[in-house]
Amino acid sequence: MDTVITRFPPSPTGYLHIGGARTALFNWLWARKTGGKFVLRIEDTDTVRSTKASVDAIFDSLHWLGIDWDEGPFFQTERYPIYREYIQRLVASGHAYYCSCSPEEVDAMREEAKANGKRPMYNQRCRNLDLGPGENRVVRLKVPNTGSTVVDDIVKGPTSFQNSEIDDFIIQRSDGSPTYNLAVVVDDLTMGINTILRGDDHLVNTPKQILIYRGLGAEPPVFGHVPMVLGNDKARLSKRHGAMSVGEYQKMGILPDAILNYLVRLGWSHGDQEFFTRKELIEKFSLEHLGRSPSMFDMDKLLALNAKHIQAKSNAEIAEALIPFVAEKGITIENTAAVQLAVESLKPRCKTLVEMAEAARFYFVDTLTFDEKAVAKFLKPEIMQPLCECADTMEALALDAFTEPALEEIFKQVMARHDLKFGKLAQPLRVALTGKTVSPGIFEMILALGRDKTVSRIRAVLK
Ligand code: GLU
């Protein structure tokens, strides 16, 4: 086959939802895997519902996901002259015709067909009248009255539609604008798109689109219609199942790689492998393993996968990603070695960046907030002397001697002098340093906090 050219054609009537992101992903992966091209097209012909804000939101989400495009973005509203030219070709070659029937007349035809127990369709009155352009005239495609149109779908297998059940549908409205199916075909054809992966909600349009290709004497592309994503109640995923937009997942602190990994698995498999890096997805993605049965969106699985992706990333990458989440709490951090150590201590314990920012807060604040119960239980007068000795000996350490073995040695000595078990020293120290009873491992946490903060936090408690 020639160079694979795929596309993603969102309608900018809202944010990028996760079903759309999955479609974009499949097409992008196939282009990247084959060394092909991925085209972005904005289907904005519905000028009432399309907004600039949605276009921007879609771009932002694609950028965030790391789904980049080689051509476009093309905007359908800028391509009307091209659509008109192709409509004229269809008329000239006898594959389309002008129709002067009013919407009311067409409604009446449909009613009549229904009354006669037939499909409610346009009765083709103008089909052979050879009308030219004129006011209030639409252009209709001359759909064959016999035979069938087969969608040779790579996911569902060949799917056949009776031509007699397809209306002579409108391709140009009376105001001269193209209809959806016409614009899609002209775009896909002129943009060289040869592989179309999309949701199976579009399967009903496909025979009509194939008929337009045929009318234009062109080969239709390869089609693959993937099942819709379902919610946990097996109904098509919608708002009532929870977050729908890619942006919401971004705000929840899901990593782009985790959402990509999760979305691709909702419709594609590679044995029973669940975890994929972006690179692996590109290497392993294949059309043969696109699934025929719909999958359910499961938030817990996404979170578990996100936790794995957090662990798989370097401390520096996670520190970078964490910055805006910590900023939400009014705390400014930079991607420093100290922040990376803090991240390292938290990586195994957090499923999202939101959780991590919350858990990391104690590292970065100037004044700790203390859990009163923890203070009452662990910061008793008799522990003050051992804590004081910890602070003194830690302070005496040179910065490059502030290491885990050195901390262990300090602990050993203080524990011996005061006849304390490990927990009896570690837990009060933890409360003094974090304000809470739960934190990463004590030495790891102290090292990430650093000598000076550790000492000054202990001293603040001693006071
Ligand atoms: N603009 C359509 C949508 O957002 C996509 C059409 C297509 O994939 O052919 O659903």
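Just the heavy atoms: all of them, side chains too, but no hydrogens, waters or symmetry mates, feed the values below.
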Indicate whether the side chain of S177 and that of D175 have a donor and an acceptor atom separated by less than 3.5 Å.
yes
Any side-chain heavy atom of I210 within less than 4.5 Å of one from V151?
yes
Looking at D371 and K436, is any side-chain nitrogen of the basic one under 4.0 Å from a carboxylate oxygen of the acidic one?
no
Using 4.0 Å as the upper bound for N to carboxylate O, is an ion pair formed by R125 and D168?
no
Within 6.0 angstrom of Q311 CD, more than 12 heavy atoms from elsewhere
yes
Has the side chain of R41 got a donor or acceptor atom that lies under 3.5 Å from a matching backbone atom of P73?
no
Quick one: does H241's side chain have a donor or acceptor within less than 3.5 Å of a partner on S238's backbone?
yes
side-chain hydrogen bond (donor to acceptor under 3.5 Å, both in side chains) between S345 and Y363, intermediate numbers included:
CA-CA 11 Å; S345 73; Y363 278 119; 2.7 Å; yes
Shortest non-hydrogen pair, I323 vs N335, comes out as CD1-N, 4.0 Å
So does E283 get a backbone contact from the side chain of K33, meaning a donor-acceptor N/O pair under 3.5 Å?
yes
Looking at I170, is its backbone amide N or carbonyl O close enough to the side chain of T179 to form a donor-acceptor pair, meaning the two atoms are under 3.5 Å apart?
yes
If the plane angle is over 60° it's perpendicular, under 30° parallel, otherwise tilted; pick one for H270 and F276.
perpendicular
Would you confirm whether R49, through its side chain, and T13, through its main-chain N or O, come within 3.5 Å as a donor-acceptor pair?
no
Test ring-ring contact (aromatic ring centres under 6.0 Å, His included) on F275 and H309 and set out the steps.
CA-CA 8 Å; F275 180 92; H309 278 272; 4.3 Å; yes
CG (L216) and OG (S93) are apart, to the nearest 0.5 Å, by 7.0 Å
Do T146 and N163 have side chains that approach each other closer than 4.5 Å (heavy atoms only, starting at C-beta)?
no
What's the shortest heavy-atom distance between Y122 and R110, and which atoms?
N-NE, 4.3 Å
Distance-only donor-acceptor check, side chains T149 and R214, under 3.5 Å
no
Do side-chain atoms of N194 reach the backbone of T3 as a donor and acceptor pair under 3.5 angstrom?
yes
Check whether any side-chain heavy atom of L25 lies under 4.5 Å from a side-chain heavy atom of I67, and answer yes or no.
yes
Do you see a donor-acceptor pair shorter than 3.5 Å between the side chains of N205 and Y180?
no
Can a donor-acceptor pair be found, under 3.5 Å and without considering hydrogens, that links the side chain of D70 to the backbone of F38?
yes
Does the side chain of E85 reach to within under 4.5 Å of the side chain of Q88, using non-hydrogen atoms?
no
Do the side chains of R137 and C126 get nearer than 4.5 Å, heavy atoms only?
no
To the nearest 0.5 angstrom, please state how far the CG atom of L16 sits from the OH atom of Y249.
12.0 Å
Taking Y262 for the side chain and D298 for the main chain, is one N or O donor matched with an acceptor at less than 3.5 Å?
yes
Hey, what do you get for NZ (K301) to CE (M296), rounding to the nearest 0.5 Å?
8.0 Å
Rounded to the nearest 0.5 Å, how far apart are CH2 of W30 and OG1 of T6?
10.5 Å
Heavy-atom closest pair, residues L287 and L197
CD2-CD1, 3.9 Å
R292 side chain to V155 main-chain N or O, any donor-acceptor pair under 3.5 Å?
yes
Between D46 and V48 (side chain of the first, backbone of the second, donor and acceptor by atom type, cut-off under 3.5 Å), is there such a pair?
yes
Looking only at heavy atoms, which two atoms of K208 and I166 are closest? And how far apart?
CG-CG2, 4.0 Å
Once you round to the nearest 0.5 Å, how far does NE2 of H202 lie from CD1 of I196?
10.5 Å
L433 CG to L368 CG distance, which is reported to the nearest 0.5 Å:
8.0 Å
N315 pairs by side chain to side chain donor-acceptor pair (under 3.5 Å) with which of Q340, E320, E344?
E344
Ignoring hydrogens, what is the shortest heavy-atom contact between T352 and L303? Give both atom names and the distance.
CG2-CD2, 3.5 Å
Taking the ring centre of each residue, are W268 and F285 less than 6.0 Å apart?
yes
Within a 6.0 Å radius of atom CD on E112, are there more than 12 heavy atoms belonging to other residues, nucleotides or ligands?
no
Using the test side chain to side chain contact (heavy atoms under 4.5 Å, CB included), find all partners of P12 that sit at least two apart in sequence or belong to another chain.
I42, D44, S50, S54, V55, I58
Looking at side-chain heavy atoms only, is the closest gap between V226 and R22 below 4.5 Å?
yes
Closest heavy-atom contact between Y80 and P178?
CE2-CD, 3.7 Å
